[in-house]
Amino acid sequence: MVARKFFVGGNFKMNGSLKEIETIIERINEAKFDGEVELVVAPPALYLLKIQEELKPPAQVSAQNSYTEKSGAFTGEISPNQLKDANVHWVILGHSERRSLFGDTDKLVADKTKAAVEAGLGVIACIGESLQEREADQTQAVVERQLEAIANEISESEWKDIVIAYEPVWAIGTGKVASKEQAQEVHANIRQWLAKKVSQTVADQTRIIYGGSVNGKNSGDLATAADIDGFLVGGASLKPEFIDIVNSGK
Ligand SMILES: O=C(COP(=O)(O)O)NO
């Protein structure tokens, strides 16, 4: 059995003033983390440098998005190379809000992932189906399509820099968390897909984390599933219960 380091991301999305975020960071800095955990917090890009100065290890900052190019006439975008230059080592890509609200296609997510990995960043690559797709029994087809686009752009060795976040769209921000069985089934299928399409080593080593209404009450049980290697947390990452979620993988 390959040991995979438990991984928790806190996705603050477009929430919080600098003062409010600094209060959250103080709470994270004061927390006691049991066992081994890889922890990243993703504040709004405007606050990344300030929060990076204040955040204590083992926590690291992450960006919530980055572009496909190193530099150029791309108003409003952030280059993965600029993130690396600013000592930001992680980026969330392909979040369902980027896909549904801002038009990030499978190909664009894949190209962003490629550029981020080439810039030396770790990538939290988000995939997941809508309620309509789940009800039409299309979950596996959707996540495989999204994974395939990424796999077409990166080499086997680059998978070591990728954490896959399975975030069913119908669970994000709704309070309707996937059951342990539902999440485990998709995570196991993703791992089998990696074994078949990439390699058994990549399948064994890649962290597959769950996101969608994770909180301090449900994280402990979810974390016992064989193929849930951590969480990508939205709303609860802004609250004191985030510490319990980080410690749920002990
Ligand atoms: O979008 C999410 C999950 O959000 P919630 O935890 O608020 O459902 N993670 O990136």
Side-chain angles (χ1 to χ4, degrees), residues 6-16 20-21 24 27-28 37-45 47-48 51 59-66 88 90-104 106 109 112-113 116 121-131 133-134 139 142-143 146-147 150 162-180 182-183 186-187 190 207-223 225 228-249:
F6 199 67
F7 186 102
V8 177
N11 178 6
F12 292 5
K13 304 189 182 183
M14 192 179 79
N15 292 305
E20 287 164 347
I21 291 176
I24 294 167
R27 190 163 56 219
I28 292 172
V37 60
E38 194 157 8
L39 170 59
V40 301
V41 290
Y47 303 136
L48 268 171
I51 296 307
Q60 298 182 70
V61 288
S62 169
Q64 296 180 17
N65 186 34
S66 60
V88 175
W90 284 93
V91 62
I92 300 169
L93 292 173
H95 190 280
S96 67
E97 289 144 15
R98 296 295 318 169
R99 294 173 187 262
S100 62
L101 302 175
F102 304 104
D104 279 26
D106 292 347
V109 172
K112 287 182 171 186
T113 301
L121 301 183
V123 173
I124 301 169
C126 301
I127 59 176
E129 82 288 1
S130 67
L131 180 61
E133 288 163 339
R134 173 165 281 268
T139 298
V142 169
V143 298
Q146 293 170 329
L147 279 172
I150 293 170
I162 293 181
V163 173
I164 296 172
Y166 167 59
E167 297 203 303
V169 180
W170 46 272
I172 295 175
T174 61
K176 294 193 191 80
V177 66
S179 70
K180 185 167 86 171
Q182 285 174 319
V186 179
H187 283 227
I190 290 169
R207 269 83 58 87
I208 306 171
I209 65 177
Y210 168 79
S213 294
V214 174
N215 61 38
K217 291 195 181 64
N218 59 39
S219 55
D221 185 39
L222 283 166
I228 295 180
D229 303 315
F231 300 112
L232 185 55
V233 186
S237 65
L238 304 167
K239 299 175 187 165
E241 67 187 292
F242 185 55
I243 306 306
D244 300 329
I245 297 169
V246 177
N247 282 326
S248 64

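Counting starts at 1 for both ligands and their atoms, in listed order. All figures in this text were calculated on a predicted structure; none of them were measured in a lab.
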| Side-chain donor-acceptor pair under 3.5 Å between Asn215 and Lys239, yes or no? |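 Asn215 vs Lys239: no donor-acceptor pair found between side chains.
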
| Is a side-chain donor or acceptor of Tyr210 paired with a backbone partner of Ala178 at a separation under 3.5 angstrom? |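 Such a contact is found between Tyr210 side chain and Ala178 backbone.
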
| Listed by chain and number, what are the side-chain hydrogen bond (donor to acceptor under 3.5 Å, both in side chains) partners of Trp170, not counting sequence neighbours? | Glu129

| field | Contacts of Ser213 that satisfy side-chain hydrogen bond (donor to acceptor under 3.5 Å, both in side chains) - sequence neighbours left out | value | none

Considering only N or O atoms, set out every pair between ligand 1 and the protein closer than 3.5 Å, with distances to one decimal place.
{"from": "ligand 1", "atom 1": "1 (O)", "to": "Lys13", "atom 2": "NZ", "distance (Å)": "2.7"}
{"from": "ligand 1", "atom 1": "1 (O)", "to": "His95", "atom 2": "NE2", "distance (Å)": "2.7"}
{"from": "ligand 1", "atom 1": "4 (O)", "to": "Lys13", "atom 2": "NZ", "distance (Å)": "3.4"}
{"from": "ligand 1", "atom 1": "6 (O)", "to": "Gly234", "atom 2": "N", "distance (Å)": "2.9"}
{"from": "ligand 1", "atom 1": "7 (O)", "to": "Gly235", "atom 2": "N", "distance (Å)": "2.9"}
{"from": "ligand 1", "atom 1": "8 (O)", "to": "Gly173", "atom 2": "N", "distance (Å)": "2.7"}
{"from": "ligand 1", "atom 1": "8 (O)", "to": "Ser213", "atom 2": "N", "distance (Å)": "2.7"}
{"from": "ligand 1", "atom 1": "9 (N)", "to": "Glu167", "atom 2": "OE2", "distance (Å)": "2.5"}
{"from": "ligand 1", "atom 1": "10 (O)", "to": "Asn11", "atom 2": "ND2", "distance (Å)": "3.1"}
{"from": "ligand 1", "atom 1": "10 (O)", "to": "His95", "atom 2": "NE2", "distance (Å)": "3.0"}
{"from": "ligand 1", "atom 1": "10 (O)", "to": "Glu167", "atom 2": "OE1", "distance (Å)": "3.1"}
{"from": "ligand 1", "atom 1": "10 (O)", "to": "Glu167", "atom 2": "OE2", "distance (Å)": "2.9"}

| said: Given Ile209, which partner from the list Val233, Val163, Ile228, Val214 fulfils the side chain to side chain contact (heavy atoms under 4.5 Å, CB included) test? | reply: Val163

| task | Not counting sequence neighbours, which residues clear salt bridge (Lys or Arg N to Asp or Glu O under 4.0 Å) with Asp221? List them please. | result | Lys180

